[in-house]
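Note sheet for the following structure.
Just the heavy atoms: all of them, side chains too, but no hydrogens, waters or symmetry mates, feed the values below. Count residues from 1 along the sequence.
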Amino acid sequence: MSRGRALAGLLLVAVLARPAGAAPEAGLWIGDAAAPVVASRVEIRVAGIVARTTVTQEFRNPSEDWVSAVYRFPLPDDASVESLRLKAGEQEIIGEIREKQRAREAFQSAAASGQRAALMEQTRGNLFTARVANIPPGATVHVAFDFQFLARFNGTGFELRLPLAVTPRFFPDAANAPGTGPAGTPADAEERFETPLTRDPSRGPWVELSAELDPGFSLDGLESAYHTVDWEYRGNGRYRVQTREKRLPADRDFVLRWWGLPGAAPRAFGFRETAHGSDYGLVLVLPPSPESFVPQQAPREVLFVIDRSGSMEGASMNQARGALLSALGRLQAEDTFNVISFSDTTHTLFDSARAADLDNLRRAADFVSALQADGGTNLLDALRTGLAMPALAGRLRQMVVLTDGAVGNEQGVLAAIHRDIGDTRLFTVGLGSAPNGLFMRAAARAGRGTFSYINSAAELRERMEELFLRLESPALTDIRVVQADSLDVRPRRLPDLYPGEAVVLAVRGNLPDQLQLAGRIGDSPWQARVPLALAPDGVGVAKLWARRAVEDLQVRQRAGGDSAALGDEMLAVALEHQIVSPVTSLVAVQATPIRAAGDAAPERAVPGMVPHGMTMGLNGLPATATGAQLRWLLALLLAIAGVVLFYAATRPPRGAPRSV
């Protein structure tokens, strides 16, 4: 082979190897072998619907060097984190709530000074980051923290959902571009982050979980939806639940469900707490019977938005196709519809909504069945495309979004929904074993719709039947507290509710003996009363109120409120109630250095488990990396091959004289 032909071949390889425009997806990489390993012990104590939880994280440094650990992990949507304890040997250092930047500076200073330190930050509403500085070679450090969250009514009983895995987030290139959110809001400059993943069970993270359950009524059933557990009745209405595996892979949500004997569960719960010089109350009211929700009479226009991004590869994509095909079959002849699919790009079945006749439904079924998962999760463009379609007069317009919620620009998407949703009702369906529930719940709330989970194929039919009932029924609207003038009610604006959903609110102020609620179902009035005079004490109710107050302030930021003033108010609430928030963090610092001052030990990210059911691709890369990241891998392999070919073509034949 001549030198000229070899050079031409190398140039051809270089052209072929050039990436096709897209950079590797941010937020997705594989953790290194020397990273610290984490095992967690979770202890939950449920009283009624309040779940007080203690998590002890064990950080083990397997390397021969000093390291600092960074670990991102999920918590429930409404978790209020309140305390932090750093343990090393017999010593325990108690953390303090500080303004976020000051807490970070204190941690960084301690790390550089050779002190042991821990930092707990809220990266997203349901995603937290723990940092532990200066872990000695081969040593183990324990970090414990406490939080509380609520069990939710699921239509037939109650459900406790503890997320254990993180679905990688996709950050579109335009995530921070102008127009994704009002100026000065978090939507303008969201913090990007990387989520290291592993499918090696020996790398962890693992979890051991136990729960003490005191529901307040006699049970007819108790089950763990996705994990094997042992449970026993302890007497006095209390139950003990324990995961059978002691080293459970943290690759899917832990879900515990219980339901009462017929008539055993009260229609309303009330809890009280006195703290910070005020009275606080937490109220849950079970919904009216399904018969109270008379089906809608008006024809509907339904826009189905389906996620076909790489993170959906595997079980989630199958669930999405099945759910959408089921929904299409439920449309009535007088309805109109359209289907929008999205990944990096957005595709629509029709240019506008079409009649739900047999021919259009057949075309829709072919379109859905052919969908393949690949690329990033650019939900914002899909929502804008759907909301920009002209609405048909005289129809109830509904949008159903089926996704795992793996978006990084959450605030930008939520701000766009607040701005553009109009009269459209938005319903979100979370798919897979670790969906981004907080984001999808917030999106549904902004769109005056509802959020549903489908975690497995076995749940598909039941969950879709629940969704159909909600789509076809009027909401419980205009919900309000009658005595609101003397109370600070959170959320300030109670969302519309659909069949199977309960009213949940927190109040602060001079609590009445009886809280009265009012609203409407269609054209009919609705009311409920919750006795509070003899309500049991609920430890942590004040912090749950504070968490809802912070969420309210974030909603007002997304809607274009004064971001600086709302941020100051958020900081005041979080500091008064001592909770981690977008503007406050927990930091613990050991006074005595354990190593010489100087540069801090290098940070290594603890890998999380790939969520159960997410298909793995080449060389262990998750399916979300099969687009841009695999193009880069292919580029590297082709470049190496080109160099080898060039060397082989230009090397003198064996035995030929060498030039000097």
Side-chain angles (χ1 to χ4, degrees), residues 72 75-84 94-110 117-131 145-149 176 181-193 273 275-280 410-412 414-415 418 438-439 442 487-493 505-509 540-589:
R72 287 192 172 88
L75 287 181
D77 299 355
D78 57 346
S80 56
V81 179
E82 63 180 59
S83 66
L84 176 69
I94 306 300
E96 298 178 3
I97 291 281
R98 298 187 188 179
E99 187 272 329
K100 191 170 190 174
Q101 185 57 35
R102 291 184 179 181
R104 186 173 294 182
E105 290 170 355
F107 173 80
Q108 292 171 343
S109 175
L119 178 69
M120 177 79 70
E121 295 181 310
Q122 181 178 310
T123 309
R124 291 290 193 272
N126 59 347
L127 183 65
F128 288 72
T129 301
R131 285 182 162 84
F145 61 94
D146 301 301
F147 67 93
Q148 51 265 317
F149 66 109
N176 298 322
T185 70
D188 270 348
E190 294 185 292
E191 180 183 354
R192 298 189 178 210
F193 57 88
E273 184 181 31
H276 312 289
S278 299
D279 290 332
Y280 296 82
E410 294 156 303
Q411 299 298 330
L414 293 172
H418 278 278
L438 176 66
F439 163 71
L487 296 171
D488 188 340
V489 181
R490 303 291 177 155
R492 285 273 178 87
R493 181 183 178 185
L505 57 90
V507 296
R508 178 183 187 181
V541 170
K543 296 183 186 296
L544 290 168
W545 176 90
R547 172 65 190 254
R548 281 159 177 72
V550 168
E551 289 176 356
D552 269 351
L553 294 167
Q554 289 181 288
V555 169
R556 292 166 62 187
Q557 280 185 327
R558 296 182 200 120
D562 186 332
S563 184
L566 292 169
D568 290 342
E569 189 176 346
M570 195 183 303
L571 179 61
V573 170
L575 288 176
E576 178 186 4
H577 294 83
Q578 293 288 285
I579 62 170
V580 176
S581 74
V583 293
T584 53
S585 302
L586 272 164
V587 61
V589 176

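In this structure the side chain of D488 reaches within 4.5 angstrom of the side chain of W545, judged on heavy atoms. Within the 4.5 Å cutoff, side-chain heavy atoms of F439 are placed close to those of L414. H418 places a side-chain heavy atom less than 4.5 Å from the side chain of V555. Looking at heavy atoms from C-beta onward, L438 lies out of side-chain contact with R124 at the 4.5 angstrom threshold. Annotation: side chain of I97 is in contact with side chain of L586 (closest heavy-atom distance under 4.5 Å). R547 places none of its side-chain heavy atoms less than 4.5 Å from the side chain of K543.
Closest heavy-atom contact between V589 and A106: CG2-O, 4.3 Å. The two residues L84 and A118 have their closest heavy-atom pair at CD2-O, 4.0 Å. V587 approaches A103 most closely through the heavy-atom pair CG2-O, 3.9 Å. Counting all heavy atoms, side chain and backbone alike, D552 lies closest to P491 at OD2-CA, 3.2 Å. Smallest separation of non-hydrogen atoms from F147 and A79: CD1-CB, 3.7 Å. Residues Y280 and A275 come closest through the heavy atom pair CE1-O, 3.1 Å.
R548 has a carboxylate O that lies under 4.0 Å from a charged side-chain N of D78, or vice versa, which qualifies the two as a salt bridge. Salt-bridge annotation for E551 and R490: absent, with no side-chain N of the basic residue lying under 4.0 Å from a carboxylate O of the acidic one.
Annotation: the span from I579 atom CD1 to S80 atom OG amounts to 6.0 Å, rounded to 0.5 Å. Of the inter-residue distances, the one linking L553 atom CG with R558 atom CZ reads 11.0 Å to the nearest 0.5 angstrom. If you take CD on Q122 and OG on S585, they are separated by 8.5 Å, rounding to the nearest 0.5 Å. Residue R508 holds its CZ atom at 11.5 Å from CG of L487, rounded to the nearest 0.5 Å.
A donor-acceptor pair under 3.5 Å links the side-chain atoms of E273 to the main chain of G540, judged by distance alone. Under a 3.5 Å cut-off, the side chain of T584 and the backbone N or O of Q578 do not form any donor-acceptor pair.
When only modelled atom types and interatomic distance are considered, S563 and Q557 share a side-chain donor-acceptor pair under 3.5 Å.
Annotation: side chain to side chain donor-acceptor pair (under 3.5 Å) contacts of E105 (sequence neighbours excluded): Q101. For F107, the ring-ring contact (aromatic ring centres under 6.0 Å, His included) criterion is met by no residue, not counting sequence neighbours. With sequence neighbours left out, the side chain to side chain donor-acceptor pair (under 3.5 Å) criterion links E96 to R98.
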